[in-house]
Amino acid sequence: MAKRTEQKGTIMERDFFTDVMDVVRQVPRGRVTSYGAIAKYLGAPRSSRLVGWSMNRAHDVKPNVPAHRVVNRNGLLTGKHHFATASRMEELLNEEGVKVKKDQVLDYTKKFWDPAVELDM
DNA sequence: TCCATGACGAGAT
DNA sequence: GATCTCGCCATGG
């Protein structure tokens with residue numbers, strides 16, 4: 001796990017990007033999380049956009065990053081257009097048992113996986 | 001250097 | 001409950 005800081009402002013002491021990748025890789029199969037949840041876990045609850053920014057550069061990262069398990073706070077597959085094909089994200093989720101309807105994760109609240117709760121705190 | 005943009009989110013209207 | 005507005009911070013023109 002990446003080193004974190006409670007202090008807002010010193011959060012970038014370590015690659016925010018790497019932190020995001022680390023958290024996303026820990027999302028279990030069949031579960032999803034949100035950009036905001038990750039941002040919050042990393043100590044930057046207001047910087048969810050940075051999470052999205054990081055995800056944009058996650059396609060090349062060596063250890064596979066299950067980016068399809070990250071959706072926005074509404075359980076909407078807002079990042080599907082950044083995958084190889086627009087249907088790739090939905091396919092991957094379905095394979096893991098996460099049903100998707102119209103870019104919307106069904107039972108989102110049940111499938112939701114909050115790192116801040118599931119990991120430590 | 002200033003401005004617009006973005007896989008977002010929360011609060012206000 | 002649908003929309004709008006603003007905050008966040010890195011990037012690119």
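Protein chains get the first letters and strands the later ones, always in sequence-line order, with residue 1 at the start of each.
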Pairwise distance [atom1]([X]) to [atom2]([Y]) - rounded to 0.5 angstrom:
X     : Y      : atom1 : atom2 : answer
A/N72 : A/Q104 : CG    : CD    : 8.0 Å
A/S54 : A/L42  : OG    : CG    : 8.5 Å
A/F16 : A/M21  : CZ    : CE    : 9.5 Å
A/Q26 : A/R69  : CD    : CZ    : 11.5 Å
A/S87 : A/N94  : OG    : CG    : 10.5 Å

- List for me each residue that meets side-chain hydrogen bond (donor to acceptor under 3.5 Å, both in side chains) alongside A/D103, sequence neighbours excluded, and say none if there are none.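 Counting only residues at least two positions away or on another chain, A/D103 forms a side-chain hydrogen bond (donor to acceptor under 3.5 Å, both in side chains) with A/K80.
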- With sequence neighbours left out, write down each residue that passes side-chain hydrogen bond (donor to acceptor under 3.5 Å, both in side chains) with A/K111, or none if nothing qualifies.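 A/K111 satisfies side-chain hydrogen bond (donor to acceptor under 3.5 Å, both in side chains) with no other residue.
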- Task: Using heavy atoms and a sub-4.0 Å distance, could you list which residues of residues 31-38 of chain A are near DNA chain B? By number, please.
- Result: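 Going residue by residue through residues 31-38 of chain A, the ones with a heavy atom under 4.0 Å of DNA chain B turn out to be A/S34, A/Y35, A/G36.
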- Strand contacts (DNA chain B) in residues 101-111 of chain A, 4.0 angstrom heavy-atom criterion: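 Of all residues in residues 101-111 of chain A, none places a heavy atom under 4.0 Å from DNA chain B.
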To the nearest Å, give me how far apart [atom1] ([X]) and [atom2] ([N]) are.
X     : N      : atom1 : atom2 : answer
A/L93 : B/dA7  : CG    : P     : 18 Å
A/L76 : B/dG6  : CG    : P     : 17 Å
A/L42 : B/dG9  : CG    : C1'   : 15 Å
A/N74 : C/dG1  : CG    : C1'   : 12 Å
A/W53 : C/dG12 : CH2   : C1'   : 13 Å
A/L50 : C/dA10 : CG    : P     : 6 Å
A/M89 : B/dA7  : CE    : C1'   : 8 Å

- Message: Does A/N56 reach a base, just sugar-phosphate, or nothing at all? Heavy atoms under 4.0 Å.
- Response: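 Base: the residue A/N56, judged by heavy atoms under 4.0 Å, touches a nucleobase.
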- Using the P atom in both, what is the distance from B/dC3 to C/dC6, to the nearest Å?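 Straight-line distance between the two P atoms is 16 Å.
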- Message: Between A/N74 and A/L76 (side chain of the first, backbone of the second, donor and acceptor by atom type, cut-off under 3.5 Å), is there such a pair?
- Response: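 Pair absent, no side-chain N/O of A/N74 close to backbone of A/L76.
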- Message: Quick one: does any side-chain atom of A/S47 pair with a main-chain N or O of A/L50 as donor and acceptor, under 3.5 Å?
- Response: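 Not confirmed, A/S47 side chain does not pair with A/L50 backbone.
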Which protein N or O atoms sit under 3.5 Å from an N or O of nucleotides 2-7 of chain C?
from, atom 1, to, atom 2, distance (Å)
C/dG7, O6, A/R49, NH1, 2.8

- ring-ring contact (aromatic ring centres under 6.0 Å, His included) contacts in which one or both residues fall within residues 92-115 of chain A, not counting sequence neighbours: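 Every pair satisfying ring-ring contact (aromatic ring centres under 6.0 Å, His included) with a residue in residues 92-115 of chain A: A/Y108-A/F112.
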- Query: Distance only, no hydrogens: is a donor on one side chain within 3.5 Å (strictly under) of an acceptor on the other, for A/E96 and A/H68?
  - Reply: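 Yes.
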